[in-house]
Structures are given as structure tokens and as C-alpha cells.
Amino acid sequence: MRRSLLFVPGNSPGMILNGCIFGADSVVFDLEDAVSTGEKDAARILVRNALKTLDYGNTERIVRINSLKTPYWMDDLNMIIPAGPDVIMPPKVQGDEDIHRIESYISGIEKDRGIPAGRIKLIPLIESALGVEKAFEIAVASKRITGIFLGGEDLTADIGAKRTKKGDEIFYSRSRIVIAAKAAGVSAIDTPYTDVNDEEGLIQDAVLARGMGFNGKAVISPRHVEHVNRVFTPTEEEIEYARRVLEATARGEKEGKGAVSLDGKMIDAPIVARAKQILEIAETLKGGRLR
Amino acid sequence: MKLAKMSIAGSLESNDALITIQPVDKRGVELVIESIVEKQFKDRIEKAVRQVLKDYDIDGVYVRVQDRGALDCTLKARMEAAILRGKGDLQ
């Protein structure tokens, strides 16, 4: 369950310390763009110590490492994997071969250090034209993959499009990511809304993403967490309707009816599937099990 | 073990600490702690700093800690980064 993924700069102790108090389902400790070249070493040590020491409760702990095209990613993994994060987020993933390289390296560290194999998951960040085209290939490249995440800013730079608040320029890519994720049975995570002061725009963007099938959205400001959580949480009306759908279906089955209707509308398999998804999310939230 | 050079890690931001370490021509640890919570936590800061120096077997060193309310895990991370930079192992 990842409605909101809050990015926190990996070299900022204050923000790392407070990362779990804003209610985000996941916190992403960023060793990539938020950390300058000269501070990569200090950031990975700080994040390692935070992972080993601080109690984040039910909040999922994700670490965004540096890309495979940099000299940093192996040092990042050597330092971070033994500290036991929940998820590693590799950026700028272009195809399944990138995932295989990362997975092989992580497995090597697990073996060397006696860490249970395969517990640490992957959420690849897809942010290039090639990555979008290979989204499904990436999503099924490893059993460790638990979601794929669209990065709109780098993507628009890569395709030469102008990034807008409305997001028409990434509509195809959003659709492609959702379809690839759902076909692979993993989460689809939407790009963050980068104007931290435009809360109305954020809500519209999150509503669009949820409507398209995304499971959650990255956020770069703690102020955005509450809005994104609300948009990705089923409303009371949705939960009530989902309950009634399942009740009607159960009643129909008991009475031996082939087709069931509710409020004058036919209840077919996709409606039942959606109702089950809504109730599953509601149950997860109710039980405080966010992962 | 002696450090190869002077080094710095951390910052003066809230919840952080700026660590300066420098090799000196005598044995032991010369430690200066400046903290906004010195009265309450000086002993704890000193313990964290000495622990990391011991872990890395560093001797003959001057350490200045300018603390801005860092947790132990942050202090230790900054000490470790400063030592590794001082040894010339990392960047």
C-alpha cells in the first residue's frame, strides 16, 4: 500500500529524522539528485545509520540510489543493503538488463553478508523514452520488483517536451506505466507534482493519476502528503458501494442467479473486481498495515 | 592509526553537527565540543565521538564537534565520513 512516497534528501539529518511524521506511507531517502557530488559519501553513511537506528513504524523505507551510469551506485548498495531497507529505487532504468545488474549486485551483498535473499524489493524509476517503451520488460525483470515509478521531469527533458502542470505531454507515458505495472501485477506510482505551493493543482493531478489507475504518487513536500493520501484513499461512499456490490453478488450466487443488478445497473466481473480492490485498500488502512 | 589529512564532514544546520578532524604530532585525542545542548549531552557526544575513533583505531588526532542537536546516529555518521575523508578512502 503506497498512496504517498515522500522524498527526503539523504544528507539532511533533520528531514531524515522527521521523515515519518507526516503520514506518508513510504519515505524515500534520496542519495541521487538531492545530494551534491561531494556529499555522496557522507549521505550514504547517514542514511545507513538512520536505517539501522531510527524507528519508522509502519512507514516503508525506500532508498533511491544513484544511477548505473554513475560511479556511485555500487558504493550506495554496499553501504545500504546491510542496513536492511525495505526497497531500493534505482533511477533512470532503461531496460531489463539494468535490473539484472542491480539484482545480481544486491544478491552478491546478501550472500556475502548472510542477509536473507530476496527480502529487499525494487521500485525502478522510469524516466526516459526508452524506459517507457520497455516498461513491461522492466516490471517483470525480477521477482523483487514491487512497483514501477514514472519520473515526469527527466522524461520530458529526454523527449524534448515542455513540462506543464496539466501534464498532457506525459499522458501516454502515464498510461503506458499503468498498463505495464498492472500487467506485471505490481504497483504503478505517479510522478510528483513539483509546484509545492499549488495545492489545488496537486489535488487535480493526483485525482487524474488515481483515475488512470495509479496506486500512489511521489511527493517532494511534506505539505503534499495529506492531500495525496486523501485522494488515494477510498471515500465512505466508495466503500459503502463496494460492500453493497459484494453483498448483491453473494445474494445472487445464493439464489442461483447468473446476473445480478444493483441500483438498476448490471453488476459484472470488472465491477466486482473494483469493489474488492476498494475494500482491500480500506481494510489495509483500517488495520494500520500500510505495506 | 594516523589520519593522512585534515577533513570536515556535516553542517551547521539544525539536527546536524560539523566535525573537523586533523592529525596531530602526539598520541591521544584532543576533543573540543561546542553544542547547543552541551550541559545535558556533552558526555553523550563525547562517548559517540570516541566510539567511532576507537572503531577506526584512530590516534593522534584533534577533533572539533560543532553540534546543532544531532542524534547519536548522525554524530557517528559525520564522524565516520570525516575519518574516511581524512584517510583518503572515500569521496
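Order of the sequence lines sets the chain letters (A, B, ...), proteins ahead of strands, with each chain counted from 1.
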Regarding [X] and [Y], does a basic nitrogen lie under 4.0 Å from an acidic carboxylate oxygen?
X: Arg44(A); Y: Asp76(A); value: yes
X: Arg85(B); Y: Glu39(A); value: yes
X: Asp75(A); Y: Lys40(A); value: no
X: Arg48(A); Y: Glu80(B); value: yes

Let me check something: any side-chain donor-acceptor pairs from residues 149-157 of chain A under 3.5 Å, sequence neighbours excluded? List them with distances.
| residue | atom | partner | partner atom | Å |
| --- | --- | --- | --- | --- |
| Glu153(A) | OE2 | Arg163(A) | NE | 2.9 |
| Thr156(A) | OG1 | Gly152(A) | O | 2.8 |
| Thr156(A) | OG1 | Glu153(A) | O | 2.9 |

Of the backbone (N, CA, C, O) and the side chain (C-beta and beyond), which part of Leu46(A) lies under 4.5 Å from a heavy atom of chain B, both, or neither?
-> both

Heavy-atom contact with chain B under 4.5 Å, split by part of Ile16(A) = neither

Applying side-chain contact (heavy atoms from CB on, under 4.5 Å), run through Leu84(B) and Tyr56(B) and close with a yes or a no.
-> CA-CA 9 Å; Leu84(B) 291 171; Tyr56(B) 278 89; 3.7 Å; yes

Within residues 68-75 of chain B, residues adjacent to chain A where the heavy-atom gap is under 4.5 Å = Leu71(B), Cys73(B), Thr74(B)

His227(A), Lys165(A), Lys217(A) screened by side-chain hydrogen bond (donor to acceptor under 3.5 Å, both in side chains) with Asp205(A), the one that passes | Lys217(A)

